[in-house]
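This report concerns only the one structure given below.
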Amino acid sequence: MAQDPFKKFKGQTAAALSKALAELGVDAEPALDRPPEGMGDLAFPCFPLAKTMRKAPNMIAEEIASKVRPEGMIERVEAKGGYVNFYVRFEDLAQPALEDAVARKESFGKGEPKGVRMLLEHTSANPTGPLHVGRARNPIIGDTIARILRMAGYDLTTEFYVNDVGRQVVIMTWGVKHLKLEREPDRDEDHYRYVLYYQQANRVVEEDEGAKAQVDAMLQKLEHGDEETVRLAREACEKVLKAVTASMRRVNISYDGFTWESRFVQDGTVDRIIEKLKGSEYCKEADGAFHLELESFGITGRETKWVFTRADGTSLYTTRDLAYHMDKFKRTDVAVNVLGEDQKLGMQELAAALTIMGVEKKPEMVYYAFVSLPEGRMSTRKGTVVYIDDLVDEAVDRAYDEVKKRRTDLSEERMREIARVVGVGALRYNIIRIQAEKQIVFKWEDALNFEGASAPFVQYAHARACSILKKAGERGPAAFDARKLVSDHEKALAKLVSSFPSVIQGCADDRRAHPLAAYAQELASQFNQFYRYMPVLKAEGDVREARLALVEASMWALRNSLSCLGMEAPEEM
RNA sequence: GGGCGCGUGGCCUAGUCAGGAUAUGGCACUUGCCUCCUAAGCAAGUGGUCAAGGGUUCGAAUCCCUUCGCGCCCGCCA
């Protein structure tokens, strides 16, 4: 891969600045900022030097500016308001960047292989029903970060941890075996039938002591490996899981692997871990149950105990999660977990338990706040939910209406396909555009937004680029001169395209996805301005070639951004 | 009681980790632009005590302290 030209410019600028500072006898780091629009490409603030140099910042800036000789990628240097502003020579930045995009196509933006194995766990929902919008953030954030990490050069595997052990699953399984459904499921797929058993069983168990006793007995049987019970629970979970993953495929999410929680009980790992923990200096016993005392690990609050066996000797969710993480670190260098913010304390405790078990590596966490309804929190058990499948249907229907309004020349099949791609994109975009820590209140009007900061906006810019390239027809090997791009519209667009690889790296480093959504929107907006003011097909000679190259490079930046966001890029819409 | 996160125009939001020039976009609203590569677009306009108060600093949305509001957590649940 060609070296990121902007990075090269930054390196040259820092070197030139260091030299100038040394000449002036000033001891300061060449720390460079990104200045606001129209004030160059990099800036050095001189305010901190005012005190030691006993001079006004604007004077210092003048002095430094006069010492820096524009060379290499630095086109000019000027002092303004206490800053030294550096301007990049446009063609030195744009020529290699646009060539790179046109040559590498879907690999434009891909980082060098990092040689690091990464395992990213996401979704990991109880297999007791379809995913609702309150849970939608997990797979969408997880899948998007996974795509970004792969693009950045990591050797990444995604995984869904299936919580098939425990009371929730038993309640559902008991319901499937003993109840007759009070009403028809809303949809045909298995998980929509099973979630009704789950909800109904929860109500019955709350009111009926006998039923509760049966569930308790079933839980005991499951934990002690009773074959028939294990088989029933496994069957129910598999049906739901299969349907859940099918639902996820509709929004372009798939998993490289699944790990079943029950595995760690059945293969004896959990028992071995319990034995080892019992030998720890942090282990205490109370009424037959064992726990670790984690106060010295910075765990605060009312309770600093981390219980890992019940009085009857059986394991808890947390114990099995410890087993899972020890298993993960046998298979990977870096583990990334996408989890709701309610899991924060649990993960802190898990990290402490890993230390006690002698495991140095710790999972990296990506936390998100929940999506709620205006009326409050969503709950599968209570049935106060908006299901993702329904949201997808609604989004696709709305998108279909929009396509039909605009296009009369397309086949029914083509319109349906565009509607699907646009609807799914809109839905994902509206989840991913918001910083994960921020709570979201779900509103249909926001989720179905097709304008402005939305996937269709980005997809539309891409379709426009494709349309130009299609009409331009076959062109020979890319030969263009970036110096022919002279307008502000062209320059701004080219610079934005050239920053795509560093946007990907930045998102990957921070394990954050929302900046990519913002970048895609900005890129599309910049492309639309270029499109409005700079005719491409009507331009002639070298100017036409240069603009076509810019369109093609923009198209790849848009398409690859969308791809990392898990959105498809239709060539027309 | 303790811990973690969030608070930015009517609504949504970026920037906060690594303080810097006029606080980023979008929705809504008002007004223009399709004989010209797709108007899911472009342009212009209205709208801001960056929750409140104090501190640090040449400079604070950003760092520190206090307070308020909202969310989440502190199970022999998962």
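Predicted model only: the values in this text are computed from it and were never measured.
Judged by Watson-Crick or G-U wobble contacts below 3.5 Å, the nucleotide B:rA43 has B:rU31 as its partner. Base pairing of B:rG7 is made with B:rC68, judged by Watson-Crick or G-U wobble geometry with both donor-acceptor distances under 3.5 Å. The nucleotide B:rU16 finds no pairing partner, because no Watson-Crick or G-U wobble arrangement with both distances shorter than 3.5 Å includes it. Summarising the base pairing, B:rA61 is matched to no nucleotide, lacking a Watson-Crick or G-U wobble pair whose two defining distances lie under 3.5 Å. A 3.5 Å limit on both hydrogen-bonding distances identifies no Watson-Crick or G-U partner for B:rU49. B:rU22 is unpaired under the Watson-Crick or G-U wobble criterion, no partner having all donor-acceptor distances under 3.5 Å.
Within the nucleic acid shown, A:Arg34 has no heavy atom closer than 4.0 Å to any nucleic acid atom. Nucleic acid contact for A:Arg377: sugar-phosphate only, since backbone atoms but no base atoms lie under 4.0 Å from a heavy atom of the residue. Contacts of A:Glu341 with the nucleic acid, taken as non-hydrogen atoms under 4.0 Å apart, include base atoms. At the heavy-atom level, A:Gly452 lies under 4.0 Å from the strands shown only through sugar-phosphate atoms. Among the protein residues, A:Val441 comes within range of no part of the nucleic acid, since none of its heavy atoms lies under 4.0 Å from any strand. Across all strands shown, A:Lys443 has no heavy atoms under 4.0 Å from either base or sugar-phosphate atoms. Within 4.0 Å of A:Phe308, counting heavy atoms only, lies no atom of the nucleic acid at all. A:Asp401 comes within 4.0 angstrom of no nucleic acid atom, judged by non-hydrogen atoms across all strands. Counting any heavy atom pair closer than 4.0 Å across all strands shown, A:Ala31 reaches no nucleic acid atom. Residue-level contact check: A:Leu537 touches the bases, meaning some heavy atom is under 4.0 Å from a base atom.
Not a single donor-acceptor pair, N or O on each side, falls under 3.5 Å between the base of B:rA18 and the side chain of A:Asp33. Counting distance only, with no hydrogens placed and no angle test, the side-chain atoms of A:Arg302 and the base atoms of B:rG2 include no donor-acceptor pair under 3.5 Å.
Ranking B:rG41, B:rC72, B:rC4 by closeness to the A:Lys344 side chain, first place goes to B:rC4. Among B:rC42, B:rC58, B:rU13, the nucleotide with an atom closest to any side-chain atom of A:Gln529 is B:rC42. Side chain of A:His514, nearest nucleotide from B:rC70, B:rG15, B:rA21: B:rG15. Listed candidates were B:rC37, B:rC42, B:rG15. Nearest to the side chain of A:Asn528 is B:rC42. Closest contact between the side chain of A:Gln521 and the listed nucleotides B:rG41, B:rC70, B:rG26 involves B:rG26. With distances taken from any side-chain atom of A:Ser525 to the nucleotides B:rC42, B:rC70, B:rA14, the minimum falls on B:rC42. Comparing atom distances between the A:Val536 side chain and each of B:rC37, B:rC72, B:rC6 picks out B:rC37 as nearest. Across B:rC74, B:rC12, B:rC6, the shortest atom-to-atom separation from the side chain of A:Arg433 is found for B:rC12. When distances run from any side-chain atom of A:Tyr83 to the nucleotides B:rA21, B:rC37, B:rC42, the shortest one goes to B:rA21.
Of the P atoms belonging to B:rG7 and B:rU62, the separation is 12 Å, rounded to the nearest Å. Atom name C1', nucleotides B:rA61 and B:rA52: the rounded distance is 14 Å, in whole Å. Taking atom C1' in both B:rA28 and B:rG71, the straight-line distance is 27 Å, to the nearest Å. Between B:rC37 and B:rG48, the distance separating the two C1' atoms is 40 Å to the nearest Å. For the P atoms, the distance from B:rA78 to B:rU66 is 37 Å, rounded to whole Å. Taking atom C1' on both B:rC29 and B:rU46, the two are 8 Å apart, rounded to the nearest angstrom. Nucleotides B:rG26 and B:rG54 place their C1' atoms 35 Å apart, quoted to the nearest Å. Straight-line distance between the C1' atoms of B:rG53 and B:rC17: roughly 25 Å, to the nearest whole Å.
Note on A:Lys438: every side-chain N or O is 4.0 Å or more away from OP1 and OP2 of B:rC70. For A:Arg532 and B:rC33, the shortest distance from a side-chain N or O to OP1 or OP2 is not below 4.0 Å. A close approach under 4.0 Å does not occur between any side-chain nitrogen or oxygen of A:Lys471 and OP1 or OP2 of B:rC37. In this structure, A:Gln435 reaches the B:rA14 phosphate: one of its side-chain N or O atoms is under 4.0 Å from OP1 or OP2.
If you find the closest nucleotide of RNA chain B to A:Glu437 and to A:Ile440, the one lying nearer the 5' end belongs to A:Glu437. Annotation: of the two residues near RNA chain B, A:Phe457 and A:Val84, the 5′-most nearest-nucleotide partner is A:Val84.
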Donor-acceptor pairs under 3.5 angstrom involving side-chain atoms of residues 435-445 of chain A: please list them, not counting sequence neighbours.
unit_1, atom_1, unit_2, atom_2, d
A:Gln435, NE2, A:Glu437, OE1, 3.0

Only distances under 3.5 Å count here; give the side-chain donor-acceptor pairs of residues 36-60 of chain A to other protein atoms, sequence neighbours excluded, each with its distance to 0.1 Å.
unit_1, atom_1, unit_2, atom_2, d
A:Asp41, OD1, A:Lys495, NZ, 2.8
A:Asp41, OD2, A:Val88, N, 2.8
A:Thr52, OG1, A:Leu49, O, 3.2
A:Lys55, NZ, A:Glu63, OE2, 2.6

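A pairwise comparison of heavy atoms in A:Gly452 and A:Gln521 identifies O-OE1, 3.1 Å as the closest pair. Minimum heavy-atom separation, A:Leu565 to A:Ala520: CD1-CB, 4.2 Å.
Atom CE in A:Met365 sits about 14 Å away from atom C1' in B:rC72, given to the nearest Å.
With A:Arg135 contributing its side chain and A:Thr123 its backbone, the two residues share no donor-acceptor pair below 3.5 Å. Using a distance-only test at 3.5 Å, with no hydrogens or angles considered, no donor-acceptor pair links the side chain of A:His191 to the main chain of A:Leu241. A donor-acceptor contact shorter than 3.5 Å links the side chain of A:Thr173 to the backbone of A:Val169. For A:Gln199 (side chain) and A:Thr380 (main-chain N/O), a donor-acceptor pair under 3.5 Å exists by modelled atom type.
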- Stepwise side chain to side chain donor-acceptor pair (under 3.5 Å) check, A:Gln459 with A:Tyr429: CA-CA 11 Å; A:Gln459 289 167 325; A:Tyr429 195 96; over 6 Å; no
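We find that the ring of A:Tyr367 and the base of B:rG5 do not stack by the test of centres under 5.5 angstrom and planes tilted less than 30°. Centre separation under 5.5 Å together with a plane angle under 30° holds for the ring of A:Phe47 and the six-membered base ring of B:rG20, marking them as stacked.
Residues A:Arg203 and A:Glu206 are not paired through a salt bridge, judged by the lack of any N-O separation under 4.0 Å between the basic side chain and the carboxylate.
A cation-pi arrangement is absent between A:Arg137 and A:Tyr368 under the rule of less than 6.0 angstrom and at most 45 degrees off the ring axis.
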Are there any protein N/O atoms within less than 3.5 Å of an N/O atom in nucleotides 76-78 of chain B, and if so, which ones and at what distance?
unit_1, atom_1, unit_2, atom_2, d
B:rC76, O2, A:Ala311, N, 2.8
B:rC76, N4, A:Ala286, O, 3.0
B:rC76, N4, A:Asp287, O, 3.4
B:rC77, OP2, A:Arg310, NE, 2.9
B:rC77, OP2, A:Arg310, NH2, 3.3
B:rA78, OP1, A:Arg310, NH2, 2.8
B:rA78, OP2, A:Tyr317, N, 3.2
B:rA78, O3', A:Val165, O, 2.9
B:rA78, O2', A:Asn126, OD1, 3.1
B:rA78, O2', A:Asn126, ND2, 3.4

